[in-house]
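Treat the numbers as computed from the prediction; the structure is a model and nothing was measured. These values consider heavy atoms only, across backbone and side chains, with no hydrogens, waters or symmetry-generated copies. Each ligand, and each atom within it, is numbered from 1 in the order the structure gives.
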Amino acid sequence: MTTPLSGATNPYDETPYPDLSYVHTHPDRAATLATLLGLEPAPVVNARVLEIGCAAGGNLLPLAYALPRADFIGIDYSARQIEEGRQRIAYLGLRNVQLLRRDLLEPGDDLGTFDYVIAHGVYSWVAAPVREALMALIKRVLRPQGIAYVSYNTYPGWHITGMVRAAMLYHGRHATTPQEKATAARAMLDFMAEHATEGAHGGIFRSYRDFLGDGLKGSSDAFLLHDELEETNDPVYFHQFVAHAGTHGLQYLVEVELREVLPHLFRAETQQRLQEVARDAIELEQYMDFLRNRMFRQTLLVHDTVVPARRLDPSPVANCFVRSQAKPVRAESGGSTIQFKSSDGATLTTDHPMTIALMERLGALWPRAAGFRALVAEWQRQAQSVPSQPEGPPDALIFAANLLRAFGYSSQLVSLHSHQPALVREVSARPVASPVARWEARGRTVVTNLWHERVALQPVQRDLLARLDGRHTRADLAKATPELAALSPEALETHLHRLAHAALLIG
Ligand SMILES: C[S@@+](CC[C@H](N)C(=O)[O-])C[C@H]1O[C@@H](n2cnc3c(N)ncnc32)[C@H](O)[C@@H]1O
């Protein structure tokens with residue numbers, strides 16, 4: 001276990017971990033990927049979910065709110081974080097989530113079993129015996145068809161970040177408080193960024209300083225202290241992680257981002273070489289990690305008795321919900337081919353009439369998803385004028401294959417889901433926003449939406465969101481604060497619609 005800093009019994013009591021949600025930890029992602037790999041995971045809507053190292057519930061509480069019929073337990077050994085989380089649960093009136101103060105080394109045998117287990121930011125940051133205990137607990141509590149999410153730092157990427165960490169730790173070696181340690185670390189980053197000019201490594205320090213100075217991470221000493229400077233920080237190679245899971249009777253299922261698993265984003269020649277050099281799926285991913293200099297992974301594990309398909313097949317897409325806000329861009333060649341583009345630049349190009357029509361339909365439904373079968377049935381009712389292809393695979397299968405291809409390019413282009421959260425697209429007369437997001441908006445600019453995604457708010461949107469409790473009309477909202485009063489009715493409407501579009505409204 002980590003050695004407490006002087007005067008503290010637990011580093012996470014002294015400096016709590018920042019409260020954030022992590023979209024990839026959502027059991028929905030695990031359920032969807034398992035479905036695509038031919039498994040039958042438990043429906044997330046009434047699943048039992050355990051989060052190990054849950055801190056104050058920044059990730060678990062939004063999940064519990066969004067899935068009211070599912071049951072959530074979080075464990076963490078930091079008394080302060082657990083207490084803060086419990087107060088928040090009481091404030092929000094959540095009845096389907098409990099936080100328990102437990103040390104992984106003595107987790108107790110009363111937790112029961114779970115369909116989904118989440119361990120984000122724990123594996124690499126605890127000492128070897130605790131890592132063993134983590135894997136053993138996952139094995140013990142995971143139901144036969146259960147899926148565990150484990151994130152960890154990886155080599156080769158962390159060889160480089162490890163150099164930055166070592167320099168920061170060296171400069172802070174005499175620090176007696178977390179604050180001093182963080183200050184020394186930032187000073188060392190500045191020193192190296194400005195003065196390490198003789199080799200290529202100065203650039204690495206400069207990039208790291210930019211990374212820390214940018215966005216959420218940079219603002220928080222807690223991230224720096226626990227992520228980069230935590231006493232234990234043991235990255236592993238992917239193949240070592242898989243082997244470790246294997247010693248506990250667990251096996252690799254898939255990584256949470258499909259595009260990171262498939263070699264299709266490498267150029268053709270590289271794909272060819274990868275196929276020649278890698279003897280199995282694990283080796284293939286390990287070689288891709290070397291090519292990408294990967295430093296972090298978010299891996300799904302299942303029991304070693306489970307037999308997942310090792311090839312992706314489009315037919316299970318029929319069991320999914322689909323969401324997309326990719327914009328159509330008319331491509332050249334006579335107008336029958338359309339390219340859909342997402343905000344991250346990923347594209348899907350197709351001349352398949354059903355795919356084109358339904359991608360446009362999905363754009364209109366955003367931020368809601370649509371069930372694949374319902375979408376197809378709707379198209380079949382409405383598009384009788386479009387001639388069906390006399391030969392070749394059925395239209396629905398082509399559509400499914402196109403969706404799977406797009407999901408493999410980027411989950412911003414097309415995202416597949418196993419459920420549909422209760423959110424509304426229209427702004428009602430007295431709008432209601434997610435209470436969890438409203439609570440989050442009181443203390444920060446980034447909140448969690450009903451899809452468990454982070455949404456960055458402008459100051460005026462934060463003011464607005466915090467007041468959307470179903471009691472206020474637009475007229476009330478327009479005079480709630482000087483900033484809101486300064487908005488024109490059109491501007492107020494635009495902000496309300498942005499909140500709806502960001503999947504933050506429930507009624
Ligand atoms: C880096 S933080 C990650 C917190 C949270 N999962 C997240 O990603 O926001 C690691 C968490 O693991 C908890 N932890 C560390 N060692 C533990 C142990 N032996 N037993 C239980 N929890 C532990 C810490 O208290 C801390 O909340």
Side-chain angles (χ1 to χ4, degrees), residues 1-5 8-27 29 49-64 72-86 88 97-108 111 116-138 140-141 148-153 158 161 165 178 182 216-217 219-235 256 296-299 436 440 443-444 446-448 452 454:
M1 275 204 292
T2 50
T3 309
L5 290 159
T9 51
N10 179 316
Y12 291 91
D13 284 345
E14 182 143 2
T15 311
Y17 200 70
D19 247 334
L20 284 175
S21 52
Y22 297 89
V23 64
H24 289 112
T25 66
H26 198 313
R29 178 58 72 103
V49 182
L50 172 69
E51 181 166 6
I52 299 171
C54 63
N59 188 50
L60 204 59
L61 272 46
L63 286 174
F72 295 83
I73 292 187
I75 62 168
D76 200 289
Y77 76 162
S78 154
R80 175 174 168 186
Q81 297 185 121
I82 291 291
E83 185 46 36
E84 281 175 16
R86 285 181 178 163
R88 208 172 300 163
V97 54
Q98 274 185 75
L99 301 187
L100 307 174
R101 187 185 173 205
R102 296 283 165 92
D103 190 322
L104 262 168
L105 291 172
E106 292 173 40
L111 294 171
Y116 299 94
V117 176
I118 301 166
H120 182 68
V122 181
Y123 184 88
S124 294
W125 296 267
V126 290
V130 188
R131 273 201 294 280
E132 291 304 325
L134 170 65
M135 284 294 190
L137 179 62
I138 292 174
R140 178 158 68 81
V141 300
Y149 162 106
V150 183
S151 66
Y152 48 101
N153 285 338
W158 253 89
T161 318
R165 165 178 153 85
L216 272 177
K217 277 207 85 161
S219 61
S220 165
D221 278 351
F223 274 126
L224 186 62
L225 287 165
H226 293 305
D227 289 359
E228 278 80 8
L229 305 178
E230 189 63 70
E231 182 140 331
T232 304
N233 187 331
D234 289 338
V256 289
F296 187 62
R297 268 189 172 262
Q298 297 164 284
T299 292
V436 173
E440 291 172 337
R444 60 192 215 214
V446 173
V447 298
T448 309
H452 208 57
R454 292 185 200 161

Quick one: are Leu100 and Ile82 in side-chain contact, heavy atoms under 4.5 Å? no
Would you call Arg102 and Glu106 a salt bridge, using N to O less than 4.0 angstrom? no
If you measure every N/O of His120 against every N/O of ligand 1, is any gap under 3.5 Å? yes
Arg102, portion touching ligand 1 at heavy-atom distance under 4.0 Å: backbone
Is it the case that the side chain of Asp19 and the backbone of Gly57 share a donor-acceptor pair, with hydrogens and angles ignored and the cut-off at 3.5 Å? no
Would you say Tyr77 and ligand 1 have an N/O pair spaced under 3.5 Å apart? yes
Is there a heavy atom in Asp103 that sits closer than 4.0 Å to ligand 1? yes
I need the minimum non-hydrogen distance between Ala222 and Pro16, along with the two atoms involved. CB-O, 3.5 Å
Do any N/O atoms on Val126 end up under 3.5 angstrom from N/O atoms on ligand 1? no
Run the contact test for Leu105 against ligand 1 with a 4.0 Å cut-off on heavy atoms, strictly below, and give the result. no
Tell me if the centroids of the rings in Phe296 and Tyr152 come within less than 6.0 Å of each other. no
Given Ser21, Pro107, Gly53, Ala119, identify the one with the heavy atom nearest to atom 12 (O) of ligand 1. Gly53
Gln81 to ligand 1: N or O pair under 3.5 Å? yes
Have a look at ligand 1 and work out which part of Tyr22, if any, has a heavy atom under 4.0 Å from it: side chain, backbone, both or neither. side chain
Does at least one non-hydrogen atom of Tyr17 fall below 4.0 angstrom from an atom of ligand 1? yes
For ligand 1, which atoms sit closer than 4.0 Å to a heavy atom of Glu51? 6 (N)
Check: His226 side chain, Thr15 main-chain N or O, donor-acceptor pair, under 3.5 Å: yes
Verify whether the ring centers belonging to Tyr149 and His24 lie closer than 6.0 Å. no
Is there a side chain to side chain contact (heavy atoms under 4.5 Å, CB included) between Leu20 and Phe223 once you walk through the steps? CA-CA 11 Å; Leu20 284 175; Phe223 274 126; 3.5 Å; yes
